[in-house]
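For reference, the structure discussed in these notes is given below.
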Amino acid sequence: MSEARARQIARIALALLALGCAAGIALPAGIGWDFANFYDTGRRVAVGQLVDIYDASAAIAGEAPSTKLDFYGAPISAFLYAPLALLSPLAALVAFKLAGTAALWTALWLLFREGRARLGGDSAAIARYAARFALAALLFQPFWTIYRVGGQTTPFAFLLLTLGLLAHQRGRSGWASLCFGITVLIKPAFLIGFGFLGLLAGPRFIGVSLLHGAWLGALSLALCGWPVHETFIAKMLANAGGVARWWNNSSPWIVPNEIAWWRAGAEAASVALPRGFVLAAQAALLTAFGTLAWWTRRTELPAAGRTHHHWTLALCFFLLFAQTAWEHYLAVLFLPVAFWLASWDEAPRAVRRLVATLVALALAQNLVFTMALARGIEGLGLAALLPVLAVKAAPPLLMAWLLVRHREDWAATYRRARWQPM
């Protein structure tokens, strides 16, 4: 591809990306979905009803709540949504989507800039990289879910994880830990990845993580009080291990879960996977990723490449270990995808195919499409559903396969890469 052609493709893709974001912000879609949960939480904080942030049915200053959706963030994170209470619901919806879009674009710019720096001064290579990056961002459907549900906190988590990764690559464990820790406060499910990263990153990372946890925990207790934290802990324990239905869940756990629903029949109110099966599968996953991490530790790698691989392992482990991974959680897979987009010209053909397939299959994460598909295939039976489940759960599985099958390619590319100075 010529340099001029690549630049043209990049400009068109960026224009379409900007147009899509603008349309998503302007359209009032999702005002009764996820947005309402964050809006009501902010309203409760603004009127001093901290004790009610985990009770979706509680009235807010005598008025009915906007939604019955539960809030799952850590207590201290509820204060982040208080500014929304200053606005009308529609204005707050626009503001929330704008903030999420700004976080998303900032993270993408940081990732692009990092990859561009590794290409040196080759303008043609940079132009091709810009075209690949812009097209991949445009097609990566997990970025777009936020506009259908009225905004989400995942773009902020994506930005924090990007900042944390870049800090970690430069040896700044304290900032890396803080970024991941704040991500966990916003989205507690990410604690799975944070814990696994701690096991890989070593004593210094664990030490600074404990330090950040101590002062953030003390601040949260001072602001919110113990009863709210007690309710939060009980809520997290009660909801641990639940598997959401396949149309908004991208975890591989949807396959056994939907089989269980099929066996239970249409009249079933709920299903639960056998506890022994879940524990055995999670133990096998931990063993597999632990073995891969051990291989990484024994392989000669530059320090920045090793930390990049640790970060990638932790995020992929989280997406596979968690029994519910909302489709927008897959946005974090763009961090390792961006690495290969910058290393595309020297990547083996098999790696390029896997990355391209992952991006293409991410299109199937479109929430509007999956909910319509769920209605369309209802009653067609398990044979029609299994291929759909395979496509829905494919992105994290493809990344895991890339990590395992092509581990030597990761190592070789890390050794060739021009990393930014520590």
Side-chain angles (χ1 to χ4, degrees), residues 10-31 33-39 41-42 45 73 76-116 130 133-167 175-176 178-187 190 315 326-335 337-338 341 362 365 367:
R11 284 194 290 266
I12 292 172
L14 281 174
L16 291 173
L17 188 62
L19 184 62
C21 290
I25 293 168
L27 295 173
I31 198 164
W33 283 33
D34 293 11
F35 159 77
N37 154 34
F38 300 113
Y39 185 59
T41 298
V45 172
I76 194 173
S77 70
F79 286 90
L80 297 174
Y81 314 109
L84 295 176
L86 301 174
L87 305 171
S88 68
L90 190 56
L93 177 76
V94 172
F96 196 41
K97 288 182 177 181
L98 273 170
T101 302
L104 173 62
W105 279 72
T106 302
L108 290 174
W109 166 245
L110 290 171
L111 287 173
F112 172 77
R113 189 180 65 173
E114 181 76 4
R116 185 184 62 185
F133 192 97
L135 277 173
L138 176 65
L139 296 175
F140 209 64
Q141 196 58 222
F143 291 151
W144 294 97
T145 301
I146 64 167
Y147 299 110
R148 177 62 187 89
V149 299
Q152 246 291 344
T153 53
T154 303
F156 306 106
F158 180 59
L159 174 58
L160 285 164
L161 290 170
T162 299
L163 291 169
L165 171 61
L166 298 181
W175 285 110
L178 182 60
C179 288
F180 213 138
I182 295 174
T183 300
V184 172
L185 293 180
I186 295 172
K187 290 199 170 297
F190 279 80
L315 293 177
W326 307 111
E327 67 286 328
H328 46 88
Y329 282 9
L330 296 190
V332 302
L333 287 178
F334 202 82
L335 273 70
V337 165
L341 292 176
Q365 306 302 323
L367 187 58

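Since the structure is predicted, the reported quantities are computational estimates derived from the model, not experimental observations.
Between Ala167 and Ala176, the shortest heavy-atom distance links the atoms CB-N, 4.0 Å. Summarising the geometry of Tyr147 relative to Cys21, their closest heavy-atom pair is OH-SG, 3.3 Å, with the distance given to 0.1 Å. Across all non-hydrogen atoms, the minimal contact from Leu333 to Phe140 is CB-CZ, 4.2 Å. Scanning both residues, Ala13 and Ala134, for their nearest heavy atoms gives CB-CB, 3.6 Å.
Note that CD1 of Ile186 and OH of Tyr81 are 5.5 Å apart. Values are rounded to the nearest 0.5 Å. Rounding to the nearest 0.5 Å gives a distance of 7.0 Å between CD of Glu327 and CD of Gln365. Taken to the nearest 0.5 Å, the CG atom of Leu330 stands 8.5 Å off from the OG1 atom of Thr145. One distance of note links CG of Leu165 with CZ of Phe180; it measures 10.0 Å at 0.5 Å rounding. Within the model, atoms CG of Leu93 and OG of Ser88 stand 9.5 Å from one another, a figure rounded to the nearest 0.5 Å. Expressed to the nearest 0.5 Å, how far CG of Leu17 lies from CG of Leu138 amounts to 6.0 Å.
The shortest distance between side-chain heavy atoms of Leu110 and Arg113 falls below 4.5 Å. In this structure, the side chains of Phe143 and Leu108 come closer than 4.5 Å at one or more pairs of heavy atoms. Within the 4.5 Å cutoff, the side chain of Trp175 has heavy atoms near those of the Leu178 side chain.
The aromatic rings of Phe96 and Phe38 sit tilted, their planes meeting at an angle between 30° and 60°.
Screening residues 89-108 for salt bridge (Lys or Arg N to Asp or Glu O under 4.0 Å), with sequence neighbours left out, gives no hits.
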- Query: Should Phe133 and Phe334 be marked as a ring pair (Phe, Tyr, Trp, His ring centres under 6.0 Å) after you check the CA-CA gap, both sets of side-chain angles, and the distance that decides it?
  - Reply: CA-CA 10 Å; Phe133 192 97; Phe334 202 82; 5.4 Å; yes
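Although no hydrogens or angles enter the test, the distance criterion places no donor-acceptor pair under 3.5 Å between the side chain of Trp144 and the main chain of Leu139.
Evaluation of the side-chain contact (heavy atoms from CB on, under 4.5 Å) rule for Ala102 yields no partner, not counting sequence neighbours.
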List, one per line, each side-chain donor-acceptor pair under 3.5 Å for residues 151-163, sequence neighbours excluded.
{"unit_1": "Gln152", "atom_1": "OE1", "unit_2": "Lys187", "atom_2": "NZ", "d": "2.9"}
{"unit_1": "Gln152", "atom_1": "NE2", "unit_2": "Asp34", "atom_2": "OD2", "d": "2.8"}
{"unit_1": "Thr153", "atom_1": "OG1", "unit_2": "Lys187", "atom_2": "NZ", "d": "2.9"}
{"unit_1": "Thr154", "atom_1": "OG1", "unit_2": "His328", "atom_2": "ND1", "d": "2.6"}
{"unit_1": "Thr162", "atom_1": "OG1", "unit_2": "Phe158", "atom_2": "O", "d": "2.8"}

